[in-house]
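These numbers come from the heavy atoms of this one structure, side chains and all, not from hydrogens, waters or symmetry mates. Quick note on labels: first sequence line is chain A, next is B, and so on, each numbered from 1.
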2 protein chains.
Amino acid sequence: MTTVATKPRNKPATADKIARAARRLLERDGVEGVTMRRVASAVGITPMALYRHYANRDGLLNVLADGGFAELSGRLDTLRLAGAPERQLVKVLDVFLDFAFDDPRMFELMFLTKREGARRFPEDFKSGNSPTANLFARVLTQGMETGHFAKDDVWEIVFETGALLQGLVMLYLGGRVSMRPEEFRAFCHRSFRRYIDGIRS
Amino acid sequence: MTTVATKPRNKPATADKIARAARRLLERDGVEGVTMRRVASAVGITPMALYRHYANRDGLLNVLADGGFAELSGRLDTLRLAGAPERQLVKVLDVFLDFAFDDPRMFELMFLTKREGARRFPEDFKSGNSPTANLFARVLTQGMETGHFAKDDVWEIVFETGALLQGLVMLYLGGRVSMRPEEFRAFCHRSFRRYIDGIRS
DNA sequence: CGAAGAAGTATACAGTGTAAACATGACAAC
DNA sequence: GTTGTCATGTTTACACTGTATACTTCTTCG
């Protein structure tokens with residue numbers, strides 16, 4: 001074989017195929033549906049081959065979650081934020097809700113599942129490691145400077161707003177809310193409004 | 001049958017021993033540590049014998065969770081609520097936090113785990129099936145009548161306050177908060193205060 | 001006594017994640 | 001070329017999980 005033009009070690013290729021297959025399984029069957037055997041079978045390899053590319057199942061799930069955060073971050077970047085800070089915050093909220101509605105399983109993995117290597121409060125927030133938290137903090141800070149919000153600990157508010165949103169969506173995705181998506185969105189808007197009214201000066 | 005004073009079928013005896021053993025396992029190893037084999041071994045019977053007393057693992061976990069709700073309800077009943085509604089709400093918050101600190105695994109099972117038969121919003125709230133929600137709603141209604149809070153949808157506020165609390169505690173128990181318990185409690189107090197200020201008229 | 005029914009056991013099946021050993025193929029150095 | 005190295009993949013196996021099925025054993029009642 002004179003085969004000179006060999007593929008230059010397509011190591012990332014299979015790793016990518018694995019991630020894609022896992023992603024599809026996640027979307028369809030949820031976190032618990034992402035089993036090593038199913039992923040391997042979807043890719044067409046043996047389960048143990050997965051371990052050449054990912055340390056273990058948690059490692060694979062972490063990569064999936066990272067992809068989710070990247071996509072969410074991308075969506076937030078497309079936001080053209082302007083107008084009153086209150087409206088800006090609601091826009092951010094809507095991006096989160098859209099994401100949760102579009103890909104509930106991914107949202108579940110990202111926020112509602114215990115995972116190693118997740119961000120910690122407050123250090124990982126203040127260090128600017130979380131783009132979504134950064135965006136939120138920027139809007140809040142700006143709102144405080146312009147007098148729309150009472151001066152307070154920005155990071156605490158970022159964290160607790162995230163907690164409120166996470167709690168609401170967790171309950172919704174967990175099937176504990178008898179509302180259709182748009183009803184629930186309206187409810188979240190009211191809830192957010194109540195909260196914002198509290199921090200407005 | 002002279003046998004009048006027979007043990008009236010001590011069926012509940014083993015069922016209770018099972019529940020107690022499961023409860024201990026839950027406390028020590030968390031929800032995932034409660035496996036049928038371990039529970040059976042702790043009781044001294046065969047795994048399949050558990051199924052004579054509980055439909056399946058989820059049934060057993062539901063009974064455990066019910067016990068947790070009963071205890072939480074009991075703790076709330078001991079509260080002597082008086083004074084300003086804001087202070088009453090904080091007292092209720094503290095009961096929840098105490099419970100979460102005392103028995104984090106149980107709290108996790110009760111609020112942070114997907115389970116069948118969990119309360120649904122709004123119907124199960126409005127119907128009065130949830131004692132804890134009832135208590136909260138009573139304080140809120142009273143606060144609205146006395147002018148401490150702005151008139152609003154009580155059940156919505158009950159639900160979203162629960163969501164906020166759940167989100168905060170979920171993040172804390174999930175190891176995403178670098179705070180010692182009392183630090184975290186103080187943070188929750190500030191967070192609650194911010195929220196209450198929003199609904200005050 | 002004899003029947004009934006409850007409680008417990010034994011065995012087995014289909015899953016799960018993953019450790020250990022081995023096979024194969026592509027590339028670099030001699 | 002030959003050899004060695006390293007990445008990739010397979011095979012097999014282990015220790016778990018929940019639970020279906022069938023069998024035994026014990027208690028209670030007619």
Side-chain angles (χ1 to χ4, degrees), chain A residues 1-22 25-26 28-65 105 109 113-117, chain B residues 1-23 25-26 28-65 105 108-109 113-117:
Chain A
M1 248 22 52
T2 55
T3 80
V4 183
T6 67
K7 307 145 192 188
R9 211 66 138 180
N10 51 353
K11 170 178 185 174
T14 26
D16 242 47
K17 285 207 293 186
I18 291 171
R20 286 169 186 280
L25 279 173
L26 172 68
R28 272 222 329 246
D29 307 329
V31 189
E32 312 197 337
V34 183
T35 75
M36 300 305 263
R37 282 174 171 83
R38 282 197 219 176
V39 172
S41 146
V43 177
I45 56 181
T46 286
M48 286 313 294
L50 301 178
Y51 292 84
R52 297 289 173 192
H53 305 274
Y54 299 93
N56 49 34
R57 179 168 180 265
D58 279 350
L60 177 54
L61 290 182
N62 273 329
V63 169
L64 285 192
R105 310 301 204 165
L109 171 66
T113 303
K114 272 191 175 179
R115 285 174 27 247
E116 303 290 331
Chain B
M1 58 247 356
T2 55
T3 83
V4 182
T6 66
K7 309 157 191 176
R9 208 62 139 197
N10 53 351
K11 168 178 185 173
T14 26
D16 242 47
K17 285 207 293 185
I18 292 170
R20 286 169 187 281
R23 173 74 211 256
L25 279 174
L26 172 68
R28 271 219 332 244
D29 307 329
V31 188
E32 311 198 338
V34 184
T35 75
M36 301 305 263
R37 282 175 171 82
R38 282 196 218 175
V39 172
S41 146
V43 176
I45 57 181
T46 285
M48 286 314 294
L50 300 178
Y51 292 85
R52 298 288 171 191
H53 304 275
Y54 299 92
N56 49 33
R57 179 168 180 265
D58 279 350
L60 177 55
L61 290 182
N62 273 330
V63 168
L64 286 191
R105 311 300 204 164
E108 197 179 347
L109 170 66
T113 304
K114 272 191 175 180
R115 284 173 28 246
E116 302 290 329

Q: Indicate yes or no: at least one non-hydrogen side-chain atom of Ile45(B) is less than 4.5 angstrom from one of Ile18(B).
A: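 Yes, their side chains come closer than 4.5 Å.
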Q: Send over the distance from Arg52(A) CZ to dA20(C) P, rounded to a whole Å.
A: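 Whole-Å distance recorded here is 12 Å.
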Q: For Asp58(B) and for Ala49(A), locate the closest nucleotide of DNA chain D by heavy-atom distance; then report the residue assigned to the nucleotide nearer the 5' terminus.
A: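 Final value for this comparison: Ala49(A).
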Q: From CG of Leu50(B) over to P of dT17(D), roughly how many Å is that when rounded to an integer?
A: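 Between P of dT17(D) and CG of Leu50(B): 12 Å.
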Q: To the nearest angstrom, how far is Tyr51(B) atom OH from dA6(C) atom P?
A: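 So the two atoms are 20 Å apart, to the nearest Å.
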Q: Please write out each protein N/O paired with an N/O of nucleotides 12-16 of chain C under 3.5 Å, distance rounded to 0.1 Å.
A:
from, atom 1, to, atom 2, distance (Å)
dT16(C), OP1, Thr35(A), OG1, 3.2

Q: Between Lys17(A) and Val43(A), what is the shortest heavy-atom contact and its length?
A: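 Heavy-atom minimum between the residues: O-CG2, 3.9 Å.
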Q: CD of Glu32(B) versus P of dC16(D): gap in Å, rounded?
A: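 That distance rounds to 16 Å.
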Q: To the nearest Å, how far apart are Ile45(A) CD1 and dA7(D) P?
A: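 From Ile45(A) CD1 to dA7(D) P: 17 Å.
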Q: Identify which one of Leu61(A), Leu60(A), Val39(A) satisfies the side chain to side chain contact (heavy atoms under 4.5 Å, CB included) criterion when paired with Tyr54(A).
A: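 So the option named by the test is Leu60(A).
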Q: Tell me, please, which residues at least two apart from Arg115(B) pass side chain to side chain donor-acceptor pair (under 3.5 Å).
A: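 Testing Arg115(B) for side chain to side chain donor-acceptor pair (under 3.5 Å), a comparison that skips the adjacent residues, returns Asn62(B).
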Q: Does any part of the side chain of Val34(A), heavy atoms only, come nearer than 4.5 Å to the side chain of Arg38(A), both counted from C-beta?
A: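 They are not in side-chain contact.
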Q: When you check the gap from the basic side-chain N to the acidic O, do Glu108(B) and Lys114(A) get nearer than 4.0 Å?
A: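 Salt bridge between Glu108(B) and Lys114(A), a charged N being under 4.0 Å from a carboxylate O: yes.
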Q: Tell me whether the OP1 or OP2 atom of dA6(C) has a side-chain N or O from His53(B) closer than 4.0 Å.
A: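 It does not, given that no N or O in the side chain of His53(B) lies less than 4.0 Å from OP1 or OP2 of dA6(C).
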Q: Between P on dA20(C) and CG on Asn56(A), what's the gap in Å once rounded to a whole number?
A: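 About 14 Å, once rounded to whole Å.
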